[in-house]
Structure formats: structure tokens, C-alpha cells
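Remarks on the structure that follows.
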Amino acid sequence: MSELSPQAMPNHVAVIMDGNGRWAEQRGLPRSDGHRAGVDAVREIVRAADDLGIGFLTLYAFSTENWNRPKTEVDLLMKLPEEYFEQELPDVIQRGCRIRSIGQRDRLPPNVRRCLDDAVTRTQDGTGLQLVFALSYGGRGEIVEAARRLLREQEAGRFDADGLDEKVFASYLDEPELPDVDLLIRTGGERRVSNFLLWQIAYAELLVSECMWPDFGRAELTAALADYQQRERRFGKTSAQLPGATR
Ligand code: IPE
Ligand code: IPE
Ligand code: MG
């Protein structure tokens, strides 16, 4: 297993958990089995991320575009958060993790809203891993919603356009405390962003894994982090300008 440097851990890891359907199809199983196996992978990755000292883990569980899938598949996907929290919440609480959510809350069925609210409330004092679920989430929608909130403030006379900068704008996003993404992982091999965290990934390091999500476990996460730690993040500067440069 790769050696990781605890000082060089990414603060925010975001994951596009893709490939459940193909994982199932490769085994001659229904897609629903792939999604259930995907929940087991969530369990393992949350534990591993917490053990490894990652600050924020954001998991893309359901996109706004995923509402266009067949109703039976959507219905199954909307049952999984409840199953996950029922099983995992005690462990998550014991670890001191805090759960948050981003996305269009109003579009979620009542059972999902209820279990999400319950998880958020019961973990609100958690200072360990900040675990963010993106449910009915779309990056463009989040940015438009932020603009709407800002315009409402302006209409109410509480906001002046001259006071707008990137930091202020970010404070109107779904989860203002969410920092920029350091490492964006996409499983399932596709090389696209699929409307995930468009604002927050401005300078993210990208890692596409060929592994289907249900097969992505602690070892794969560790390998992804080791890959991240080999990279040089320049943020527009030259190598020579970076701390520790010898040339
Ligand atoms: C990701 O797996 C889960 C969701 C998008 C909800 P998919 O269901 O997209 O799996 P593939 O991409 O069809 O294999
Ligand atoms: C992205 O996967 C959304 C989630 C993992 C929740 P999709 O399978 O929906 O992405 P596309 O459609 O292949 O871009
Ligand atoms: Mg997919």
C-alpha cells in the first residue's frame, strides 16, 4: 500500500460515484443491485476518509439530470439514503463526523428529506470529517440559486453590488462553509464533470478511476490520495515560485 503523508492530505475530496449500473450489468445483475453495492462502497469510503484525516468529503449521489431516469430506478435511488443512515448513523456519530447536504432539497421525497434532516441535526456538533451529500444536485442550478438569493438581498436593500466579490458570492452557495475542492475523483472511467460542484472545482486536481464505484474501496482511495500527493499545484504560478523550489 502506498505511503501517505498526513501533512499533505487534501482538505476537500469530492467524488462522482459513477459505474453502479455497469458494475451490475457486467455481473448479469439488475442495475438496482449495483446501486445497493454502491451504498456499501459509500460506507467503506466514509470510514476510510475519516481514518485518513480528510476534512471534507462530498459525494455526488444523485444529480438533477438523474431525475430523467426511469421511475423505478429513481424510486430505488430515493430509498437508499434512508437505508444508509439507518445503518450508518450510529457509526458516523461515534466518529464525530458531521453530515451536510447540497442540492434541491424541495425536490426530494419526504422520506429522504426527513432522514437527511435527522442526520444533519444529530451530527451538527461533529468536528471530524465533514460529510456532504449532493442529492438532486446540479452545479449550474446551485450557482443560479445563489444569484437568486443575492438578488433578493439586494431587493430588500441589504446588499450593494459594489460589495460583490468571489468570496461574497460563494457565501450564497448551498453550503457556504464548503471549501474549494482539492481532489475530484470520478469512478467508472468517464472523463467528464457532469454538472458537479462547478464553482468549487475551479482548481481541483482531477483523477479518473477505471474502477466502477462498487469496487472503489479503501485501497483505491489510498492510491488516489498517493497520486494527488505526487502532484504540483501551481495555481497559475511557475514551479520556481512555489514554496520549497530549489531553482
Ligand atoms: C452512478 O452509477 C449512480 C448514479 C448516477 C445515481 P450509474 O447508475 O450512473 O452507473 P452507470 O454509469 O450506468 O454504470
Ligand atoms: C453522475 O453520473 C451523477 C452521479 C454520480 C450522481 P451520471 O451517470 O449521471 O453521469 P453521466 O450521465 O454519465 O454524465
Ligand atoms: Mg453513470
Side-chain angles (χ1 to χ4, degrees), residues 12-46 48-49 56-85 88 99-109 111-113 115-116 119 131-145 173-175 178 181 183-201 204 206-217 220-221 224:
H12 186 182
V13 176
V15 188
I16 302 174
M17 308 186 289
D18 195 25
N20 292 350
R22 279 164 287 162
W23 181 92
E25 279 153 26
Q26 285 161 6
R27 288 160 180 76
L29 299 168
R31 292 178 62 85
S32 54
D33 284 11
H35 293 313
R36 288 196 188 283
V39 176
D40 294 335
V42 170
R43 230 169 247 139
E44 183 167 336
I45 287 307
V46 167
F56 288 78
L57 177 68
T58 302
L59 299 176
Y60 203 8
F62 192 89
S63 73
T64 45
E65 290 74 20
N66 289 150
W67 288 114
N68 297 319
R69 292 195 178 193
K71 187 176 181 307
T72 47
E73 182 163 345
V74 170
D75 287 349
L76 172 88
L77 287 166
M78 288 299 143
K79 283 200 191 105
L80 299 181
E82 214 171 349
E83 289 182 18
Y84 171 77
F85 288 126
E88 284 304 288
I99 291 171
R100 305 166 188 247
S101 76
I102 53 174
Q104 305 165 318
R105 195 182 170 282
D106 296 352
R107 273 181 97 176
L108 297 171
N111 66 315
V112 177
R113 254 181 282 163
C115 73
L116 208 52
L131 175 57
V132 185
F133 285 96
L135 276 162
S136 188
Y137 176 85
R140 284 190 177 173
E142 182 187 29
I143 291 169
V144 170
E145 196 50 45
L173 294 168
D174 285 359
E175 182 48 80
L178 202 60
V181 174
L183 174 62
L184 174 63
I185 298 172
R186 180 170 187 142
T187 62
E190 309 285 5
R191 291 151 196 251
R192 54 179 172 258
V193 170
S194 301
N195 205 9
F196 190 36
L197 297 178
L198 298 182
W199 177 276
Q200 299 87 342
I201 61 172
L206 310 178
L207 188 138
V208 173
S209 167
E210 295 301 320
C211 191
M212 298 298 148
W213 173 249
D215 288 331
F216 196 85
E220 287 72 20
L221 178 66

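Both counts, for ligands and for their atoms, begin at 1 and track the order of listing.
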## Note on the structure
Candidates Arg22, His35, Arg69; heavy atom nearest atom 9 (O) of ligand 1 found on Arg69
### Query
In a check of side-chain contact (heavy atoms from CB on, under 4.5 Å) between Ile16 and each of Thr58, Leu184, Asn195, Ile185, which one passes?
Leu184
### Query
What distance do Arg113 atom CZ and Leu135 atom CG have between them, rounded to the nearest 0.5 Å?
12.0 Å
### Contact partition for Ala61 relative to ligand 1, non-hydrogen atoms under 4.0 Å
backbone
### Within reach of ligand 2, part of Ala134 (heavy-atom separation under 4.0 Å)
neither
### Query
Side chain of Tyr84, backbone of Val42: donor and acceptor closer than 3.5 Å?
no
#### Entry: Shortest non-hydrogen contact between Arg186 and Ser194, atoms and distance
NH1-OG, 2.8 Å
### Query
What residue and heavy atom of the protein are closest to atom 6 (C) of ligand 2, and at what distance?
Tyr60 O, 3.3 Å
### Task
Have a look at Glu25, Arg31, Met17 and point out the one with the heavy atom closest to atom 13 (O) of ligand 1.
Arg31
### Message
When you compare ligand 1 with Phe62, is there at least one nitrogen or oxygen pair between them that comes in under 3.5 angstrom?
### Response
no
### Query
Which atoms of ligand 2 sit under 4.0 Å from any heavy atom of Arg186?
2 (O), 10 (O), 11 (P), 13 (O), 14 (O)
### Task
List the closest protein heavy-atom neighbour of atom 10 (O) of ligand 1: residue, atom name, distance to the nearest 0.1 Å.
Gly21 N, 2.9 Å
### Query
Is it true that Arg192 lies under 4.0 Å from ligand 2, counting heavy atoms only?
yes
### Query
Can you list the ligand 2 atoms lying under 4.0 Å from a non-hydrogen atom of Ile16?
1 (C), 5 (C)
#### Entry: Heavy-atom gap Gly188 to ligand 1 smaller than 4.0 Å
no
### Message
Could you check whether Gln200 and Glu175, counting side-chain N and O atoms only, form a donor-acceptor pair closer than 3.5 Å?
### Response
no
### Plane angle bin for Phe133 and Phe85 - parallel if under 30°, tilted between 30 and 60°, otherwise perpendicular
perpendicular
### Query
Does an N or O from Ser194, backbone or side chain, lie closer than 3.5 Å to an N or O of ligand 2?
yes
### Query
Which atom, counting only N, O or S, brings Asp18 closest to the Mg ion (ligand 3)?
OD1
### Task
Go through Arg43 and Asp40 one step at a time and tell me if the salt bridge (charged side-chain N to carboxylate O under 4.0 Å, His left out) criterion holds.
CA-CA 5 Å; Arg43 230 169 247 139; Asp40 294 335; 2.5 Å; yes
### Task
Using atom types as modelled and distance alone, determine if a side-chain donor or acceptor of Arg27 lies under 3.5 Å from a backbone N or O of Trp23.
yes
### Message
Is it true that Asn66 and Ser63 share a donor-acceptor pair across their side chains at a distance under 3.5 Å?
### Response
yes
## Note on the structure
Here the gap from Asn20 atom CG to Met212 atom CE, rounded to the nearest 0.5 Å, amounts to 10.0 Å
#### Entry: Pick from Thr187, Leu76, Asp18: the one approaching atom 12 (O) of ligand 1 most closely through a non-hydrogen atom
Asp18
### Backbone or side-chain N/O/S of Glu190 under 2.8 Å of the Mg ion (ligand 3)
no
